[in-house]
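Following: one structure in structure tokens, then a few remarks.
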Amino acid sequence: MADVSLLGVTQRFGEDVTVRLPDLELSWGEQVALLGPSGSGKTTLLHLLAGLRLPSEGQVWVGGVNLAALSEAQRDAYRREGVGYLFQDFHLMEGYTALENVLLGLGVAGIRGPGAQARAVGVLNELGLGHRLSHPPSRLSTGERQRVALARAVAHRPKLLLADEPTTALDVTIQDQILKLLLRLKDTLGMSVILVTHDLGVVAQTCERVAVMYAGRIVEVAPAAELFARPRHAYTLGLLNSVPGAESTRRPLIPIPGTPPDLAALPPGCPFAPRCAFAGEKSFQERPELMVVDGNPRHRAACWYPRAGNASS
């Protein structure tokens, strides 16, 4: 079994809405991108891995421990010690300095005293903020605030870092700096990282593997380079065709028709079938599971007609 995995997980939202969340696996030290439209379940998945939410059914394994089977006290210990969460909007305390914000995070993890002070100063120095230790967030630039948030998320040395669109509010230069820092910390600490982002350039630069979500499920997973070169699910293909790229000045963008389905009323077959130009009769009748495509066990797609996802088709 992989070091991090979700198996057979479903999540109920009220009486009528039950969503099956994606099976997902990753190993220590791996950085995986999670792509998908708003409302596809990305943040819910992160909450499950962070121990902030319990699945209605299924298992959530991190480091050989099933979070769904833990007591509240055990889950609280896991949240303090085993996982870091990097938010898009920083969540820094304005009444505290940069150093104090990181110390707050260490205090929650049970790390206090001189050792905590040395660790907080060390990680802020590593992120280039040694001269900003006494500054409150209001006196820091956007990029500096994100560095403080990153320092707080990793100072307790978690094995799993969940990064929920951490570069969305940053300009290109600062975004590049944050991503390089994130990669360096991942390698230094041996962390696994799940990076939620809508920026395909970020994915291409930083992630070994990509999981694409749609309507609460992973519809394609593959090494990043292969997914960009040969997308095998029609939604992935549509996603790649609908954003500007190197050839955007020579070809028009191709939007995906229609809208994502209501999770409370998913169609009986493939959720993407009503928007898919390649859907066949089976697509509307039976929901596909992830299947190996092109004989490559590292590339899987939940599609009855996966060759439709080839840009050259």
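Position 1 is the first residue of the sequence, and the numbers go up from there. Because the structure is a prediction, the values reported are computed rather than measured.
Interatomic distance, CD of Glu100 versus OG of Ser134, reported as 9.5 Å (0.5 Å rounding). Atom CG of Leu70 and atom OH of Tyr78 lie 9.5 Å apart (nearest 0.5 Å). Here the CD-CG distance, from Glu226 to Asp294, works out to 7.0 Å after rounding to the nearest 0.5 Å. Atom SG in Cys207 sits 8.0 Å away from atom CG in Leu183 (nearest 0.5 Å). Atom CG of Leu160 is separated from atom CD1 of Ile194 by 5.5 Å, given to the nearest 0.5 angstrom. Annotation: the span from Leu179 atom CG to Leu195 atom CG amounts to 7.0 Å, rounded to 0.5 Å.
Two residues are said to be in side-chain contact when any heavy atoms from C-beta on lie closer than 4.5 Å; Leu185 and Glu126 meet this criterion. Side-chain atoms of His299 and Glu220, non-hydrogen and from C-beta on, do get closer than 4.5 Å to each other. Side chains of Arg287 and Arg217 form a contact here, defined as non-hydrogen atoms less than 4.5 Å apart. Using a 4.5 Å heavy-atom cutoff, the side chains of Glu144 and Ile174 are not in contact. Side-chain atoms of Arg132 and Leu124, non-hydrogen and from C-beta on, never get closer than 4.5 Å to each other. Contact annotation: the side chain of Pro260 never approaches that of Ser40 to less than 4.5 Å [non-hydrogen atoms, C-beta and beyond]. Side-chain atoms of Thr236 and Phe272, non-hydrogen and from C-beta on, never get closer than 4.5 Å to each other. Side chains of Leu49 and Leu162 form a contact here, defined as non-hydrogen atoms less than 4.5 Å apart.
In this structure, Glu208 contributes its side chain and Gln31 its backbone to a donor-acceptor pair below 3.5 Å. Using a distance-only test at 3.5 Å, with no hydrogens or angles considered, no donor-acceptor pair links the side chain of Arg300 to the main chain of Leu290. A donor-acceptor pair under 3.5 Å links the side-chain atoms of Gln146 to the main chain of Pro166, judged by distance alone. Distance alone, capped at 3.5 Å, is enough to place a donor-acceptor pair between the Asn66 side chain and the Val60 backbone. Not one N or O on the side chain of Trp304 forms a donor-acceptor pair closer than 3.5 Å with the backbone of Cys270. Judged by distance alone, the side chain of Gln59 and the main-chain N or O of Ala68 form no donor-acceptor pair under 3.5 Å. Of the possible donor and acceptor atoms, none in the side chain of Asp176 sits under 3.5 Å from a partner among the backbone N and O of Val172. Using modelled atom types, one side-chain atom of Gln74 and one backbone atom of Ser71 make a donor-acceptor pair closer than 3.5 Å. At least one donor-acceptor pair under 3.5 Å links the side chain of Asp171 to the backbone N or O of Thr173. Side-chain atoms of Lys159 do not come within 3.5 Å of backbone N or O of Glu81 as any donor-acceptor pair.
Taking every heavy atom of both residues into account, Arg232 and Ala301 meet most closely at CB-CB, 4.3 Å. Looking at every heavy atom in both residues, Tyr96 comes nearest to Pro137 through O-CD, 3.2 Å. Between Leu26 and Val193, the shortest heavy-atom distance links the atoms CD1-O, 4.2 Å. Heavy-atom minimum distance, Glu25 versus Arg209: O-NH2, 2.6 Å. The minimum heavy-atom distance between Val123 and Ala155, with the atom names listed, is CG1-CB, 4.1 Å. The heavy-atom pair separating His156 from Ala109 by the smallest distance is CB-CB, 3.8 Å.
Following chains of ILVMFWY side-chain contacts shorter than 4.5 Å, one cannot reach Leu127 starting from Leu104, and the two form parts of different hydrophobic clusters. Placement of Val83 and Leu54 in two distinct hydrophobic clusters is found when ILVMFWY residues are connected by side-chain heavy-atom separations under 4.5 Å, directly or transitively. One hydrophobic cluster, built from ILVMFWY side chains closer than 4.5 Å, holds both Val154 and Leu133. Under a hydrophobic-cluster definition in which Ile, Leu, Val, Met, Phe, Trp and Tyr are linked whenever side-chain heavy atoms come within less than 4.5 Å, directly or via other members, Leu227 and Val293 are assigned to different clusters. Cluster membership check: Trp28 shares its hydrophobic cluster with Val32, using side-chain heavy-atom separations under 4.5 Å among Ile, Leu, Val, Met, Phe, Trp and Tyr.
Phe278 and Tyr305 have their aromatic ring centers separated by at least 6.0 angstrom.
Judged as a side-chain hydrogen bond (donor to acceptor under 3.5 Å, both in side chains), the pairs with a partner in residues 266-284 (not counting sequence neighbours) are, in order, Tyr214-Arg275, Glu281-Gln285.
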inquiry  = Using salt bridge (charged side-chain N to carboxylate O under 4.0 Å, His left out), reason through Arg75 and Glu72 one step at a time and then give a plain yes or no.
reply    = CA-CA 5 Å; Arg75 285 195 304 276; Glu72 180 56 40; 2.7 Å; yes

task = Show your reasoning for whether side-chain contact (heavy atoms from CB on, under 4.5 Å) applies to Leu48 and Leu67.
result = CA-CA 8 Å; Leu48 286 167; Leu67 304 187; over 6 Å; no

request  = Give the C-alpha distance, both sets of side-chain angles, the deciding distance and a yes or no for side-chain contact (heavy atoms from CB on, under 4.5 Å) between His91 and Arg152.
outcome  = CA-CA 10 Å; His91 285 245; Arg152 184 185 57 192; 3.9 Å; yes

Chi angles and distances behind the side-chain contact (heavy atoms from CB on, under 4.5 Å) call for Leu161, Lys186 = CA-CA 9 Å; Leu161 177 65; Lys186 176 185 77 72; over 6 Å; no

side-chain contact (heavy atoms from CB on, under 4.5 Å) between Val212 and His233, worked out = CA-CA 9 Å; Val212 181; His233 192 281; over 6 Å; no

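Aromatic ring pairs are classed by plane angle as parallel below 30°, tilted from 30° to 60° and perpendicular above 60°; the pair Tyr85 and Phe87 is parallel.
The number of heavy atoms from other shown groups lying within 6.0 Å of CZ (Arg145) is above 12. Arg184 CZ: more than 12 foreign heavy atoms inside a 6.0 Å radius. The environment of CE in Met93 is sparse: at most 12 heavy-atom neighbours from other residues, nucleotides or ligands sit within 6.0 Å.
Looking at Leu45, Thr43, Leu46, Leu35 one by one, the single match for side chain to side chain contact (heavy atoms under 4.5 Å, CB included) with Val196 turns out to be Leu46.
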